[in-house]
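Just so it is clear: chains get the letters A, B, ... in the order the sequence lines come, proteins before strands, and each one is counted from 1. Just so it is clear, the structure is predicted and the values come from calculations on it, not from any experiment.
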2 protein chains.
Amino acid sequence: MLPPAPAAQGGTILSPSHSDVPAPDSADLAPADIHSGCKIVTPLLARIGDKWSMLVVMVLSAGPRRFNELKRLIDGISQRMLTHTLRSLERDGLVSRTVFPTIPPRVDYELTALGHSLRVPVKALGAWVFENRDEIARSRLAFDDRED
Amino acid sequence: MLPPAPAAQGGTILSPSHSDVPAPDSADLAPADIHSGCKIVTPLLARIGDKWSMLVVMVLSAGPRRFNELKRLIDGISQRMLTHTLRSLERDGLVSRTVFPTIPPRVDYELTALGHSLRVPVKALGAWVFENRDEIARSRLAFDDRED
DNA sequence: CGGTATCCGAATGGATACTG
DNA sequence: CAGTATCCATTCGGATACCG
């Protein structure tokens, strides 16, 4: 049981315009600040949290791949969703698409520098899930038992 | 342009059963390992990436709140989605629900220790988005221009 | 090979009305 | 106050067929 935080103190959720500032652990913020912060973060969370994006990024982190190569490596993905996922990642600048105008055509997909840098915070989140997977699983079991 | 990684070397995406091991930067993994790793991480990514979960967690990080208090603080959320979001977070052990059997009834929601600990990696991801928001925005503009 | 187009069922999420 | 129940529009995502 934590005591309620005493008071807000202003500042945005990630205020400094220059990086490398730890941000004085923003436990308390004005609701408007929380909203503006999450409005930026949530859409990307939703993108990499969708059914296939993380899988594609992880497979591509080993190096560039062709379209059907990805399709084979990512078990169960449909052609439609692979196309959609790659287009979204490309639009956000996380993946680059290179067309070789040969016959038959060849298209290479590769993580950009931005795409590679994303793996760092995502892996931190992955580590958190891994460390707490048992506690989460136990909580779910207990919850599902309670509601008969 | 990063060179493709030379060779795979085995190990799961987050292999150690005990924590605190940095994991020798897994750039290359067998597809099966990537799949097993993402199968664990992606569902939680999808949970906190949904429309309201992060907002609820952020508001609750300042301390416990009552149901209608949350509804007022989180602009635009419907009663239905607030209930659903809180139930999901509770099921995963990120939020606790305390009922005071008074009249009128009172229900307090509060982040658990697990919920608080989640904020650390999520804020790291938020920092990444914040630092790269301009590059992402530029990439989207360029992409949308290209396709007329 | 690397897609696009179409159809369709399932899941997401808002609006509204009702309840203990 | 703190929900539940219902209806409905939109989106997600798989299956299939076709195309340059």
Between protein and nucleic acid, restricted to nucleotides 17-20 of chain C and to nitrogen or oxygen atoms under 3.5 Å apart, what atom pairs and distances do you find?
none

If you restrict it to nitrogen or oxygen atoms, what contacts under 3.5 Å exist between nucleotides 5-7 of chain C and the protein, and what is each distance?
none

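For A:T112 (side chain) and A:L94 (main-chain N/O), a donor-acceptor pair under 3.5 Å exists by modelled atom type. A donor-acceptor distance shorter than 3.5 angstrom exists from the side chain of B:E69 to the backbone of B:R66, with no hydrogens or angles considered. When atom types are taken as modelled, the side chain of A:S53 and the backbone of A:D50 share no donor-acceptor pair closer than 3.5 angstrom.
Using a 4.5 Å cut-off on side-chain heavy atoms (C-beta onward), A:S139 and A:I136 make no contact. Side-chain atoms of A:D92 and A:R47, non-hydrogen and from C-beta on, do get closer than 4.5 Å to each other. Between B:F67 and B:L86, the closest side-chain pair of non-hydrogen atoms falls below 4.5 Å.
Considering only side-chain atoms of B:V107, the nucleotide from C:dG13, D:dG13, D:dA2 that sits closest is D:dA2. Of the listed nucleotides (C:dG13, C:dG2, D:dG14), C:dG2 has the atom at the smallest distance from the side chain of A:F67. Minimum atom distance to the side chain of B:N68 is reached by D:dA2, of the listed C:dC1, C:dG3, D:dA2. Counting only heavy atoms from C-beta on, A:R66 has its side chain closest to C:dC1 among D:dA2, C:dG13, C:dC1.
One finds no salt bridge joining B:R65 and B:D108 here, because no Lys/Arg side-chain nitrogen approaches an Asp/Glu carboxylate oxygen to under 4.0 Å.
Residue A:K51 is in sugar-phosphate contact alone, with no base atom involved, counting any heavy-atom pair closer than 4.0 Å across all strands shown. Counting any heavy atom pair closer than 4.0 Å across all strands shown, A:Y109 reaches sugar-phosphate atoms only and no base atom.
Of all heavy-atom pairs spanning B:W128 and A:L114, the tightest one is CZ2-O, 3.5 Å.
Distances shorter than 4.0 Å separate some side-chain N or O of B:R97 from OP1 or OP2 on D:dG3. For the pair A:R87 and C:dG2, the criterion of a side-chain N or O lying under 4.0 Å from OP1 or OP2 is not met.
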